[in-house]
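Working notes for the structure below.
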Amino acid sequence: MEPDLILPEVLGVKEVARSRLFRIEEVDLRFSNGFRTRYERIPGGSGAVMVIPFDGKSFLFTREYCVGTESYELGFVKGKIDPGESPEEAALRELQEEIGFGARSIIPLRTITFAPGFMGLMMYIFLALDLYPSRLSGDEPEEIRVFPFSAAEARDLVLNPSSPLRESRCIAGLVHALTIVNKNPLI
């Protein structure tokens, strides 16, 4: 990283659009060289979590409908962090709401961004261990099915280019989870 980089000066921020789920802001910026421009961004709110459950033998994947790809996608428990809630609390709540498990151990794996050029969302990824049945009602439109994959099968999901696991945040999180579960550097 270059230590001498100077962040642009934010001259103003205004909301330019809003939907049920998203806000779009216009940010008026002046760079250190004097260049002035406007960017648009989707602010990240309180952030989101992704939880990778491991029951001691298998990773518990989910398959739920994703309107962006108009398909059912293999992935993990995910959800937003409610105001006043810590990422850990959100991870434990989402785990109970989506697949009916609590976890006695929740390990932070990584915090990631995606599309940071226009999106401010931070995603906190956790590995959930020592699972036990515990159901909270959630906001899902249909029951989320759970699919167990052994560590070896999960590794193949990461490395096989034709794998049904296509979502980048799930792949990135699974690489970190496999490192812990396999007690190996990388997968």
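Throughout, residue positions are numbered sequentially from 1 according to the sequence presented. Just so it is clear, the values below take in all heavy atoms, side chains as well, and ignore hydrogens, waters and symmetry mates.
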Requested in this report: Examine distances only and state if a side-chain atom of Glu70 and a backbone atom of Cys66 form a donor-acceptor pair shorter than 3.5 Å.
Outcome: no
Query - Atom of Leu131, atom of Pro53 and distance for their closest heavy-atom approach - result: CD1-CB, 3.9 Å
Report summary line: Result for ring-ring contact (aromatic ring centres under 6.0 Å, His included) between Tyr72 and one of Tyr65, Phe61, Phe147 points to Tyr65
Query - Residue pair Ile107 / Phe126, side-chain heavy-atom distance below 4.5 Å - result: no
Report summary line: Interatomic distance, CG@Leu127 vs CD1@Ile106, rounded to 0.5 Å, equals 8.0 Å
Query raised in the report: Heavy atoms, side chains only, cut-off 4.5 Å: are Leu60 and Val77 in contact?
Result: no
Report task. Answer yes or no: is there an ion pair linking Lys78 with Glu94, defined by an N-O contact shorter than 4.0 Å? Result -> no
**Report entry** Verdict with reasoning, Phe101 to Tyr132, per ring-ring contact (aromatic ring centres under 6.0 Å, His included)
**Finding:** CA-CA 5 Å; Phe101 283 100; Tyr132 60 91; 8.4 Å; no
Query raised in the report: Is there side-chain contact between Arg36 and Asp28, with at least one heavy-atom pair below 4.5 Å?
Result: yes
Query raised in the report: How long is the span from the CG atom in Asn33 to the CD1 atom in Ile6, to the nearest 0.5 Å?
Result: 10.0 Å
**Report entry** Nearest heavy-atom neighbours spanning Ala90 and Ile81
**Finding:** CB-CG1, 3.8 Å
Report task. Using atom types as modelled and distance alone, determine if a side-chain donor or acceptor of Ser163 lies under 3.5 Å from a backbone N or O of Leu159. Result -> no
Report task. Could you pull out the closest heavy-atom pair between Pro164 and Glu73, with the gap in Å? Result -> O-OE1, 4.5 Å
Query raised in the report: Is Val175 reachable from Phe54 through a run of I, L, V, M, F, W or Y residues, each pair having side-chain heavy atoms under 4.5 Å apart?
Result: yes
Report summary line: Value for CD1 (Ile99) from CD (Glu64), rounded to nearest 0.5 Å, stands at 11.0 Å
Requested in this report: Give a yes or no answer on whether the side chain of Ser19 reaches the backbone of Leu21 with a donor-acceptor pair at less than 3.5 Å.
Outcome: yes
Query - Pairing of Arg93 and Glu85 as salt bridge, 4.0 angstrom limit - result: yes
Query raised in the report: Does any non-hydrogen side-chain atom of Arg166 lie less than 4.5 Å from one of Ser71?
Result: yes
Query raised in the report: What distance separates Arg155 CZ from Leu174 CG, expressed to the nearest 0.5 Å?
Result: 11.0 Å
Query raised in the report: Can you name the salt bridge (charged side-chain N to carboxylate O under 4.0 Å, His left out) partners of Glu15, sequence neighbours left out?
Result: Arg18, Arg23
Query raised in the report: Does some side-chain heavy atom of Leu121 sit less than 4.5 Å from a side-chain heavy atom of Thr113?
Result: no
Query raised in the report: Got more than 12 heavy atoms from elsewhere within 6.0 Å of CZ, Arg145?
Result: no
Query raised in the report: With the 4.5 Å side-chain cut-off for hydrophobic clustering, are Val181 and Phe76 part of the same group?
Result: yes
Query - Donor-acceptor contact present, side-chain Ser86 to main-chain Glu89, <3.5 Å - result: yes
Query - Non-hydrogen atoms of Ala128 and Leu95 that approach each other most closely - result: CB-CD2, 3.9 Å
Query raised in the report: Which pair of heavy atoms, one from Ala151 and one from Asn182, lies closest together, and at what distance?
Result: CB-OD1, 3.7 Å
Requested in this report: Examine Met122 and Leu109 and state if one hydrophobic cluster contains both, with Ile, Leu, Val, Met, Phe, Trp and Tyr joined whenever side-chain heavy atoms are less than 4.5 Å apart.
Outcome: no
Query raised in the report: Are the side chains of Pro148 and Asp55 in touch, meaning some heavy atoms are under 4.5 Å apart?
Result: no
Query raised in the report: Are Met50 and Cys170 close enough that some pair of their side-chain heavy atoms sits under 4.5 Å apart?
Result: yes
Report task. Kindly write out the residues that satisfy salt bridge (charged side-chain N to carboxylate O under 4.0 Å, His left out) with Glu9, not counting sequence neighbours, or none if the list is empty. Result -> Arg30
Requested in this report: Each residue besides Val13 in its hydrophobic cluster should be listed here, by chain and number; the cluster joins Ile, Leu, Val, Met, Phe, Trp and Tyr at side-chain heavy-atom distances under 4.5 Å.
Outcome: Val10, Val27, Leu29, Phe31, Phe35, Tyr39
Report task. Rounded to the nearest 0.5 Å, what's the gap from CZ on Phe114 to CZ on Arg169? Could you check? Result -> 4.5 Å
Query raised in the report: Hey, any chance Phe22 and Met123 share a hydrophobic cluster, counting ILVMFWY side chains that come within less than 4.5 Å of each other, even indirectly?
Result: yes
Query raised in the report: Is it the case that one hydrophobic cluster holds both Leu74 and Val158, taking links as side-chain heavy atoms less than 4.5 Å apart, direct or via other members?
Result: yes
Query raised in the report: How many angstroms lie between atom CZ of Arg110 and atom CD1 of Ile125, to the nearest 0.5 angstrom?
Result: 8.0 Å
Report task. Give a yes or no on whether the ring-centroid distance for Phe149 and Phe59 is below 6.0 angstrom. Result -> no
